[in-house]
Number of protein chains: 4
Amino acid sequence: MGIEETREKIVSVADRLFRRFGFQKTSMDEIARIARKAKGSLYYHFSGKEELFREVVQNEVNGMKSKLLVIVNNSDYNSGGKLKTYMQTRMDVLQHATNYHETIQSDDHDHFEFMKDIRKDLDDWERVQICSIIREGVETGEFELDLSVEVLSDIIIMIVKGLEGPFYLQGRYTEYSPYFDGLAKILMKGLSKMY
Amino acid sequence: MGIEETREKIVSVADRLFRRFGFQKTSMDEIARIARKAKGSLYYHFSGKEELFREVVQNEVNGMKSKLLVIVNNSDYNSGGKLKTYMQTRMDVLQHATNYHETIQSDDHDHFEFMKDIRKDLDDWERVQICSIIREGVETGEFELDLSVEVLSDIIIMIVKGLEGPFYLQGRYTEYSPYFDGLAKILMKGLSKMY
Amino acid sequence: MGIEETREKIVSVADRLFRRFGFQKTSMDEIARIARKAKGSLYYHFSGKEELFREVVQNEVNGMKSKLLVIVNNSDYNSGGKLKTYMQTRMDVLQHATNYHETIQSDDHDHFEFMKDIRKDLDDWERVQICSIIREGVETGEFELDLSVEVLSDIIIMIVKGLEGPFYLQGRYTEYSPYFDGLAKILMKGLSKMY
Amino acid sequence: MGIEETREKIVSVADRLFRRFGFQKTSMDEIARIARKAKGSLYYHFSGKEELFREVVQNEVNGMKSKLLVIVNNSDYNSGGKLKTYMQTRMDVLQHATNYHETIQSDDHDHFEFMKDIRKDLDDWERVQICSIIREGVETGEFELDLSVEVLSDIIIMIVKGLEGPFYLQGRYTEYSPYFDGLAKILMKGLSKMY
DNA sequence: TATGAATGAGAGTTCATTCAT
DNA sequence: AATGAATGAACTCTCATTCAT
């Protein structure tokens, strides 16, 4: 088993356990045991628990990005469709991005200070995507704004981020999702002149 | 120093530390040290770390309730004003309800299973308040709904809960709050027939 | 409630709990709680846990003595009957002298060093009783020994003490008691010339 | 220092301390300190205090078995000699099996529930040995029983178990051992027809 | 490249005892 | 004569990390 396989094995087990039990309640011991590696091996490949977690989260974020990118680049949708699908997919993807969420939620500044960078990076990336969708809509004449592209995109981001709460954190997906479609319409209506 | 003072001292120190470091990273040792009490004293007054945390959270929730109740019972507002002020105050209050939030966020089901009750209780309480505001508005003819009072109140609750995310969790209060006023209007417009 | 009543209440609760959970696993807290007395009261009446236990054991030993004395002084039995009944009653009484036994068993020399006196006292007392029975038997011509009264009584004491093991300590009462009668006969036959 | 040495060092220190202070009054801290190992090392090698104790007791029991087996297999003795020597050696060995005894005596069912197995195993083992000795005696014509081999062996076991009390528990070895020879004869005489 | 034995600081909790009232 | 709040030492156990091999 090559070095890369070992690394991946460790990361994949760590991902599963962090996802299930969270950062604090997952021990290096358990990761090692389940990965069938020696505890020392984890420290050969990663400088500590924190760096291992960082790797796991970065993988998750990369996965999220690539799924969202598929929508942004999918020419089957018009801009309105892209926006709505983006929002819906984002909900879906975040449902499963457990570890990323732990970094948002946790007060554990000692360990997660470093996560600010990853979060900031993702925020910026999303802003770029949303802006790009809106700009496309404006260019094709599909959208006609009475707000700047940047402000509108910020508001949209605020709202979708807001929905992470009841949808993901509080596990109210099934409870609230019936309202989602209506809500989406209301929001888009309120935010754009064109309707 | 009477028993009540001691209890309060412990709770107040615990509140500060839980708020700052979270449940896991706050040790009974530190609470005792800073409160200038023996560790055993904490266990005289509370059966364990969990119960102490429970007390802290319950205090927080009671504080939230009483602040919100002031608005619901304030006859200076008309119903629309009450609703908007309720939403804004809620944001404000939740900003500081750090410990309550930890229980929403945490995956630590071992420790926080007991919090379901407190959360459920608060949810129900809020639903009652919102319904009461809306009903008042309907009775005075200020509101005219095309949804049932219950459904409307559920949607409002969903939205304000949703906003907890960016406002509280991610510390974006200052960043997003300029948009809040506009958002509130949009939402109320979208939800009520009368506009 | 007078002072004597309080003392007795404490002792009686302590007795019950020591009996059930042993010395170590019974806490002063629990004794106080169940006796409905303040913890401080226990320390008003007894200098510590140890002295309270001492009192409990002493009571138990006194109870044992008085039950055995009834047999020794009962003129309905002849000497052989007394001896056999003494042995049987001793088994029975010891079955329930849980706290006394704890002092025999425990390695806890710190706490139970003081128990040597109580044990020595009881041993001496029993030796006197057995000697008295045997002497009575000799005087009435019922017994005719080829050993001195003292040696014979020591052997009897050794045997009855020995039987505490399987009968009491190991909870084999029901298992071994069928053999008891036969064993008693064998022993008495082996020990005395008269058969 | 290899792993086996460390394990043995821990076990040997634990054995000494358990023997001296008993299970409850021996702390993991002290074992670690005296063994010159980190506390965590004890938990690396044993899952807890209980398992460490279990190991100690198992070693003791194994030692007892092998010493007794020497007698059972020693063809220098005839069957009567074996039986008597077995009984005497048993007394001797049990004198030093302090930890095994703690499990017999202790009321601490939480910790020692697991000991039932070890005890049961030893009981069964002894029954087999005694039966084997008796059968051998019967086959060589040395013994002629009016009881079944099984019942006779049960009675012998009861008696030797009984003698554990005064001999071991109460430290009366030196006091009572002068009587032992006579007692042994009496018992064997009482139990077998052939005398 | 990988191992796993060893570490030690720190965690939550228990409890006999003290003492001001 | 009685209280009960307060203490602090001692306990078992956890776990991220180190290091010789």
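Nothing here was measured: the structure is a model prediction, and the numbers come from that model. The chains referred to below are lettered A, B, ... by the order of the sequence lines, with proteins before strands, and numbering in each begins at 1.
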query = Can you check whether K37(A)'s main-chain N or O pairs, donor with acceptor, with S41(A)'s side chain at less than 3.5 Å?
reply = no
query = Rounded to the nearest Å, what distance is computed from the CD atom of residue E4(D) to the P atom of nucleotide dG4(E)?
reply = 16 Å
query = Would you say the side chains of E8(D) and S12(D) form a donor-acceptor pair under 3.5 Å?
reply = no
ask   = Where do F18(A) and V57(A) land on the side-chain contact (heavy atoms from CB on, under 4.5 Å) test, with the steps shown first?
value = CA-CA 10 Å; F18(A) 282 139; V57(A) 173; over 6 Å; no
query = How would you label the contact of T26(D) with the nucleic acid (heavy atoms, under 4.0 Å): base, sugar-phosphate, or nothing?
reply = sugar-phosphate
message = So S27(D), base contact, sugar-phosphate only, or nothing? Heavy-atom distance under 4.0 Å.
response = sugar-phosphate
query = Could you state the NE2-C1' distance from H45(B) to dT13(E), rounded to the nearest angstrom?
reply = 16 Å
Length of the line joining I3(D):CD1 and dA20(F):C1', which is rounded to integer Å = 15 Å
query = Could you give the CZ-to-P distance, from F46(D) to dT7(E), as a whole number of Å?
reply = 14 Å
query = Is the base of dT13(E) touched by the side chain of K39(B) through a donor-acceptor pair closer than 3.5 angstrom?
reply = yes
query = Which one is paired to dC15(E), where only Watson-Crick or G-U wobble pairs with both distances under 3.5 angstrom count?
reply = dG8(F)
query = If you pin D29(D) and Y44(C) to their nearest nucleotides in DNA chain F, which one's is more 5'?
reply = Y44(C)
remark   = Separation of dA16(E) atom P from F53(C) atom CZ, nearest Å, is 13 Å
task = Between K49(A) and L42(C), just flag the one whose closest nucleotide in DNA chain F comes earlier from the 5' side.
result = L42(C)
query = What about the rings of F53(B) and F46(B), do their centers lie closer together than 6.0 Å?
reply = no
key: Any side-chain donor near an acceptor of the partner, D15(D) and N99(D), under 3.5 Å   = yes
inquiry  = Measure CD/E51(B) against C1'/dG12(E) and give the value in whole Å, please.
reply    = 15 Å
inquiry  = On the nucleotide dA6(E), are OP1 or OP2 found under 4.0 Å from the side-chain N or O atoms that T6(D) carries?
reply    = yes
inquiry  = With a 3.5 Å cut-off and heavy atoms only, can you find an N or O donor on one side and an acceptor on the other between the side chain of K37(A) and the base of dG4(E)?
reply    = no
message = Go nucleotide by nucleotide along DNA chain E from the 5' end; which of M28(C) and R36(D) gets its closest nucleotide reached first?
response = R36(D)
request  = Take atom CZ of R33(D) and atom C1' of dC11(F), then tell me their distance rounded to the nearest Å.
outcome  = 14 Å
key: Rounded distance (Å) that lies between atom C1' of dG4(F) and atom CZ of R7(B)   = 15 Å
Identity of whatever pairs with dA20(F) - Watson-Crick or G-U, under 3.5 angstrom = dT3(E)
Nearest-nucleotide comparison on DNA chain E, the residue closer to the 5′ end among Y43(C) and K25(B) = K25(B)
